[in-house]
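Contents: one structure, followed by commentary.
Remember, it's 1-based here, ligands and their atoms both numbered in the order they're listed. Values in this document were obtained by computation on a predicted structure and should not be read as measured data.
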Amino acid sequence: MPAQRFIFPPLFLLLLAGCVAHPLAHADDIAAIINAEQPTEAGFQRWLADFAQQAQAEGISAATVSSALQDIRLNPEVLKRDAFQPEFVKPVWDYLSTAVSELRVANGQAKYAEHRQLLEVISAKYQVNPTILVGIWGLETAYGHTFGGFNVIEALATLSYTGRRQSYAQPQLLAALRIIDAKQVPADQMFGSWAGAMGHTQFIPTSYELRALDEDGDGKRDIWNSLPDVFASTANYLAKVGWQFEQDWGLPVHLPSNFDWSLADPEAKRSIAEWQGLGVQATDWRMMPTNTEQDAVILLPAGHQGPAFLVLSNFRAILRYNNSTAYALAIGLLADQIGGKSAPELVWPEHVEALTRDERQQLQQALTAAGYDTGGVDGIIGANSRKALRAWQTTQGLPADGFPTKAQLLRLMQ
Ligand code: CA
C-alpha cells in the first residue's frame, strides 16, 4: 500500500503518514469508533466465523483458514495502538536524533561490513544503492533486532473486526492468508508489527505479494529468515518505484539570503542547474550532483529558520516506501553515514514550538475564516494548508515558508 502523494507535513505527522510499512494513512475516522459496537471477544469470534467463510469464498483453502484462524483472539494491545492519536508530535530534530543516532549508524556500518558481498550482488542486480537497503533495515527493525512481535493474522483480524483501520486491514488479512496458503511461511511464524508490517524490512502483506522475492532459491519468499530474500525484496520494491541507481537522495544545501521561501515546496520542481542559478549551493563538505539537469525540490523540514535540503527523485522513492518526510530524511542521512560520509552539521530551530493536533486545526479554521482556503480542517498540514499559510504569511510580511508556528497561530487568532 505505498502512498502515492508526496506529502510534506511540516510538523512531521509520523504516526499519521500512510506507507507500505506503516499503514496509518489519515485514518482519522472517529465516527467509526463512536458508531461501532463495543468490541468483545464473543463479537470478535462471531465476526471471525463469518470472515472464515468469506476467505474460503475468495479461494483460500479450508485447511489454511481453519489452521490460521483457530487460536486467534481479539488483541487489546492492537486496539490500543490503533486508537492512539498523538496530540503532541515530535519535532523533526527529536525524531532524527533517535532515528539516526550514533549507535544506529555504528551498527549499520558493522552490518554493512558483515553483509557487504551479498549487498553488493543485490545492489548490482536490482540497481539500488546498498547503503539505502541497510538504512531501511536499520530504521524498520534495528537490523532485524525486532519485527514487532505480533502474530500478523491476529493483529490484522483484530483491526478488520473493529477500529479505525478496517478498510485497510481486511484486504491485508486476506493477502496474509494467501501467503500462508502458498506455503511461504507458517501462520504461527508470521510475525510483524501491530499493523501487520512483516519481517526485517516490514512489508505489509499486499506489498509482499507484489514485491517480495525468493533470492536464495529455496522456493520461499522468506523476509523473516533469509537476508538474501530480505535485501532483494527491499531493493525490488525501491527499483519498482523509480529508484535511480548510484544517484543521491539529496543533500543539505545553503540558500542565499534573498531566497524566495515560497519556492521551497515539494511541488515546486526545478532542475539542479536552475536552483544553482538561484544561488543554492552545496554545504562545504558536499558536492552538488554532477547531473544538473535532473529535477529537485528544496525541503525545509523545520521552516525557514532550520536547515535546507535539496532532494532528488530518489527521495520520492523512499517516500513510496514510507510516506513520511522525516522518515525519508532519516533514511537518506543514515545511509550516507553508513556509507562513510560524515554527519552534516544541522542547526535546528529548537526554540520554535510545534503545533499540537488541536492547534493545527485551529490554524486551518483561522486561515479559512480569514479567506485562505485550506481545503478543510483535518489537522494535517498538506498542500492546500501550506498554500493558504504562505498567502497569509506574504500579506503579513513574513517569510512565506508555509511552516506553521505557534507564534503565527496566535497572530492569526488575534
Ligand atoms: Ca527464499
Side-chain angles (χ1 to χ4, degrees), residues 1-2 19-23 59-61 63-65 67-68 107-108 110-156 171-193 195-241 243 245 317 320-322:
M1 194 187 72
C19 54
V20 55
H22 316 276
I60 296 158
S61 74
T64 292
V65 171
S67 71
N107 287 343
K111 290 288 181 186
Y112 185 32
E114 185 183 345
H115 302 289
R116 186 136 192 168
Q117 200 180 356
L118 172 63
L119 282 158
E120 283 180 357
V121 168
I122 301 272
S123 168
K125 185 168 171 185
Y126 298 97
Q127 302 278 287
V128 173
N129 310 21
T131 53
I132 288 288
L133 302 176
V134 181
I136 288 176
W137 188 27
L139 207 45
E140 293 295 349
T141 60
Y143 311 103
H145 180 69
T146 171
F147 297 168
F150 287 87
N151 173 316
V152 165
I153 297 294
E154 183 164 280
L156 289 172
Q172 296 301 328
L173 179 56
L174 284 168
L177 291 174
R178 284 194 297 269
I179 294 164
I180 293 164
D181 212 22
K183 307 217 178 325
Q184 297 296 301
V185 61
D188 61 358
Q189 290 172 36
M190 190 182 239
F191 290 113
S193 75
M198 313 183 296
H200 280 263
T201 51
Q202 301 280 279
F203 275 39
I204 58 172
T206 50
S207 293
Y208 174 99
E209 287 190 301
L210 207 57
R211 308 277 192 235
L213 297 177
D214 172 22
E215 184 68 19
D216 63 14
D218 71 346
K220 292 185 166 66
R221 300 187 278 166
D222 188 352
I223 58 171
W224 296 267
N225 302 297
S226 162
L227 286 181
D229 290 10
V230 168
F231 296 150
S233 300
T234 310
N236 182 46
Y237 189 101
L238 288 171
K240 292 278 162 49
V241 295
W243 185 268
F245 189 40
R320 294 283 298 275
Y321 199 86
N322 184 343

Apply ring pair (Phe, Tyr, Trp, His ring centres under 6.0 Å) to residues F231 and W137 and explain how you reach the verdict. CA-CA 9 Å; F231 296 150; W137 188 27; 5.1 Å; yes
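Counting backbone and side-chain atoms alike, D214 contributes an N/O/S atom closer than 3.0 Å to the Ca ion (ligand 1). Here D229 reaches the Ca ion (ligand 1): one of its N/O/S atoms is less than 3.0 Å from the metal. Not a single N, O or S atom of G217, from either the backbone or the side chain, sits less than 3.0 Å from the Ca ion (ligand 1).
D216 contributes OD1 as its N, O or S atom closest to the Ca ion (ligand 1). When distances from the Ca ion (ligand 1) to the N, O or S atoms of D218 are compared, OD1 comes out shortest.
Under the 3.5 Å distance criterion, with hydrogens and angles disregarded, a donor-acceptor pair is assigned to the side chains of E215 and Y126.
With S123 contributing its side chain and V128 its backbone, the two residues share a donor-acceptor pair below 3.5 Å. No donor-acceptor distance shorter than 3.5 angstrom exists from the side chain of S207 to the backbone of F203, with no hydrogens or angles considered.
Under a cutoff of 6.0 Å and an axis angle of 45°, R116 and Y112 form a cation-pi pair.
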